[in-house]
Amino acid sequence: MNPHVESALNDQVQKEASSSQFYLAMASWAESNGLNGTAKFMYQHSDEERFHMLKLIHFINERGGKALIPSIEQPPKEFRDLENVFELLLAHEISVTESINNLVDICLQQKDYTTHNFVQWYVSEQLEEEALARTVLDKLRLIGGDKGGMYMFDRDLENSSIGGAAQQAQQ
Ligand code: OFO
């Protein structure tokens, strides 16, 4: 495997792993604050990111490279409120999209068209995830700080297709 591509793929393994931890921290925070819909959404999202990481690990190893299992920084323990959680989620997804785009660039520079093809799955995935985060954030901004609205939002997230979108992406 091309060493530049291998190294960029391993960097991406680290990013997917830390995304999974980050969303796990959000899930745990939401669960301990009685926000069960948000907790369910974030636990699913965390699993999804772990799946993204595993997909990369298998690809690297199957192509003769060596996947590196990274250490992960501790994510935040506290979040201000739900809006803050989804703002952070969107900002995080935007940074992951940048890193996927960088990976695409490296594949093209190194003329590794097989990996380029593989990475296209992540390009589409990032599009969906950013759109989903923006949709949720728009809803939260409409609600403002209204407590009743937050309660309904959380309950809707538990039951609606938005909550299931993270899970569907894994299938
Ligand atoms: Fe791995 O898709 Fe988001 O970060």
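Counting starts at 1 for both ligands and their atoms, in listed order.
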For ligand 1, which atoms, with element, lie under 4.0 Å from some heavy atom of His52?
1 (Fe), 2 (O)
Close-contact set for ligand 1 against Val96 heavy atoms, below 4.0 Å
4 (O)
For a quick check under 3.5 Å, do Gln110 and Asn2 share a side-chain donor-acceptor pair by atom type?
yes
Side chain to side chain, Leu157 and Lys40, heavy atoms closer than 4.5 Å
no
For Ser19, take its heavy atoms, then give the atoms of ligand 1 lying under 4.0 Å from any of them.
4 (O)
Tell me which N, O or S atom of Glu49 sits nearest to atom 3 (Fe) of ligand 1.
OE2
the protein heavy atom lying closest to atom 3 (Fe) of ligand 1 turns out to be Glu129 OE1, 2.0 Å
With backbone taken as N, CA, C and O and side chain as the heavy atoms from C-beta onward, which portion of Gln126 lies under 4.0 Å from ligand 1: side chain, backbone, both, or neither?
side chain
Mind checking whether His92 has an N or O less than 3.5 Å away from an N or O of ligand 1?
no
I want to know whether Phe86 and Phe79 have ring centres closer than 6.0 Å.
no
Gln12-Glu16 side chain donor-acceptor pair, cut-off 3.5 Å:
yes
Any side-chain donor near an acceptor of the partner, Ser18 and Glu73, under 3.5 Å
no
Glu93 near atom 3 (Fe) of ligand 1: N/O/S under 2.8 Å:
yes
Suppose we only allow N, O or S atoms; which atom of Glu16 ends up nearest to atom 1 (Fe) of ligand 1?
OE1
Establish, from distance only, whether the side-chain atoms of Ser19 and Arg50 form a donor-acceptor pair under 3.5 Å.
no
Please answer: with hydrophobic residues joined when any side-chain heavy atoms are less than 4.5 Å apart, are Ile60 and Trp121 in the same cluster?
yes
